[in-house]
Amino acid sequence: MIAVLKQGTTQAQTQHLIDWLKHMNLDVHISEGQEVTILGLIGDTTRVDMELLGSLEIVESVKRVSEPYKQANRKFHPKDTVVQIGDVRIGGGHFAMIAGPCSVESEEQIIEVATAVKEAGAQILRGGAFKPRTSPYAFQGMKGKGIDLLLEAKKVTGLPIITEIMNISTLELFNDVDIIQVGARNMQNFDLLKELGKTKKPILLKRGLANTLQELLMSAEYIMSEGNENIILCERGIRTFETCTRNTLDISAVSVLHEMTHLPVVVDPSHATGKSRLVPPMAAAAAAAGADGIMVEVHNNPACALCDGAQSLTPQQFADLNQRVQRIREAIL
């Protein structure tokens, strides 16, 4: 349920109404705009008398929200959320390029790639320390050592880092990580999501292989329900009957999510297509669709990569892609 307050409502009047609503064991989410203030009521709203609430002098209108996701809902929060990572902002017109290798392989490799992508225009460095792999015999990542090497690359370049968490038990290792990524396989690992909600760290939440957009937002809701609103959604392709690409990139998800939620949306064309030659056109399409960022895999020697070399760009290819994306963004703004 949302209550829209009339213009001219004083802070004291607003607080008095909030206190009354909280007395009914409701959580109240406040969204203050230039013209209106919206109170989002979360909890068992059946006990709220809509006619009584709507009759109050300071209340303009009252509406029930039918969607199961509340805090992630744009109706609760009309203004775009801007997630800030150091000096980098994502959302609300702010755009970021995220680049780096699928997995951290060595100190030399990650620092070389980090330096190259920064020179090419990346604002955030990605790199896998823990790698969820389909085969138990595939490279599983350097784990804690991988995070240490990412932090070394951050010292050298100044780029904030993002890496994926797979298990609650490793959360302490992510204390110095700037953005924690939740991969597609863990999108509905609700125990993990709730623990991440207790942190204040930005969370990049990837859409599952076969999940709807509403299910993605319900996963975001798990994080937000524990107090963490610093969430970035990521479209990374879904599984369909098509076999010519690794997954099917749902470009329409960018526009639809912007209608459904205030949270920023980035696109990962590397995992969506699985082929490096398809990454630039799909990144361009994502930028044209209004994505708040692009995340791509970049390796200094893709042919020798221990993970996902086929979908990785070289640093020069990433530089060309970044220029293309920026030209598109300039054209549509």
Side-chain angles (χ1 to χ4, degrees), residues 97-154 156-157 159 161-164 166 181 183-185 204 206 209 234 236-237 239 242-249 266-287 293-325:
M97 291 294 290
I98 306 169
C102 174
S103 62
V104 180
E105 299 171 2
S106 68
E107 182 175 1
E108 180 182 9
Q109 173 245 15
I110 190 61
I111 290 179
E112 182 177 339
V113 175
T115 303
V117 297
K118 181 180 181 180
E119 291 177 354
Q123 292 90 40
I124 299 172
L125 173 66
R126 62 143 292 145
F130 295 85
K131 295 304 302 177
R133 305 299 299 277
T134 302
S135 170
Y137 309 113
F139 177 59
Q140 304 291 312
M142 298 183 70
K143 302 179 172 58
K145 178 62 175 177
I147 292 179
D148 291 339
L149 293 181
L150 281 169
L151 292 171
E152 286 298 317
K154 178 181 178 180
V156 173
T157 63
L159 292 175
I161 59 174
I162 175 173
T163 192
E164 182 174 346
M166 292 174 57
Q181 175 180 308
R185 295 169 177 84
L204 185 139
K206 285 196 165 188
L209 293 173
C234 182
R236 46 82 68 211
R239 179 168 291 171
E242 184 54 66
T243 58
C244 287
T245 53
R246 182 176 181 177
N247 296 288
T248 298
L249 181 58
V266 305
V267 173
D268 176 355
S270 299
H271 282 93
T273 65
K275 299 178 180 180
S276 61
R277 72 177 186 276
L278 299 178
V279 171
M282 292 303 96
I294 306 292
M295 183 162 71
V296 297
E297 293 189 351
V298 179
H299 197 284
N300 53 341
N301 188 358
C304 296
L306 296 180
C307 178
D308 287 345
Q311 65 196 37
S312 298
L313 303 179
T314 64
Q316 183 57 55
Q317 288 173 327
F318 172 68
D320 295 341
L321 177 150
N322 185 42
Q323 292 180 9
R324 182 177 180 181
V325 165

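Residue numbers count from 1 along this sequence.
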Ignoring hydrogens, what is the shortest heavy-atom contact between [X] and [Y]? Give both atom names and the distance.
{"X": "Val279", "Y": "Gln311", "value": "CG2-O, 3.9 Å"}
{"X": "Leu204", "Y": "Cys234", "value": "CD2-CB, 3.6 Å"}
{"X": "Leu125", "Y": "Gly100", "value": "CD1-CA, 4.1 Å"}
{"X": "Phe130", "Y": "Ile147", "value": "CE1-CD1, 4.0 Å"}
{"X": "Ala272", "Y": "Thr245", "value": "O-CB, 4.3 Å"}
{"X": "Arg236", "Y": "Ala184", "value": "NE-CB, 3.7 Å"}

Does a side-chain heavy-atom distance below 4.5 Å link [X] with [Y]?
{"X": "Ile294", "Y": "Val266", "answer": "no"}
{"X": "Leu150", "Y": "Val104", "answer": "yes"}
{"X": "Lys206", "Y": "Asp268", "answer": "yes"}
{"X": "Met166", "Y": "Arg185", "answer": "no"}
{"X": "Ile98", "Y": "Val296", "answer": "no"}

request  = Take Met97 and Ile124 through the test side-chain contact (heavy atoms from CB on, under 4.5 Å) and record every step on the way to the result.
outcome  = CA-CA 7 Å; Met97 291 294 290; Ile124 299 172; over 6 Å; no
query = Should Lys118 and Thr115 be marked as a side-chain contact (heavy atoms from CB on, under 4.5 Å) after you check the CA-CA gap, both sets of side-chain angles, and the distance that decides it?
reply = CA-CA 5 Å; Lys118 181 180 181 180; Thr115 303; over 6 Å; no
Counting only N and O atoms by type, is there a donor-acceptor contact under 3.5 Å from the side chain of [X] to the main-chain atoms of [Y]?
{"X": "Asn300", "Y": "Val113", "value": "no"}
{"X": "Gln181", "Y": "Gly183", "value": "no"}
{"X": "Glu112", "Y": "Glu107", "value": "no"}
{"X": "Gln317", "Y": "Thr314", "value": "yes"}
{"X": "Thr163", "Y": "Gly127", "value": "yes"}
{"X": "Asn247", "Y": "His271", "value": "yes"}
{"X": "Lys154", "Y": "Leu159", "value": "no"}
{"X": "Arg126", "Y": "Cys102", "value": "yes"}
{"X": "Gln123", "Y": "Gly121", "value": "yes"}
{"X": "Glu297", "Y": "Ser270", "value": "no"}

key: With His299, the side chain to side chain contact (heavy atoms under 4.5 Å, CB included) member among Pro315, Ser312, Ser276   = Ser312
query = Is the CD atom of Glu108 crowded by more than 12 outside heavy atoms at less than 6.0 Å?
reply =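 No - once you tally the heavy atoms of other residues, nucleotides and ligands closer than 6.0 Å, there are 12 at most.
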task = Using a strict 4.0 Å threshold on nitrogen-to-oxygen distance, state whether Asp308 and Arg246 make a salt bridge.
result =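 The answer is yes: the pair qualifies as a salt bridge.
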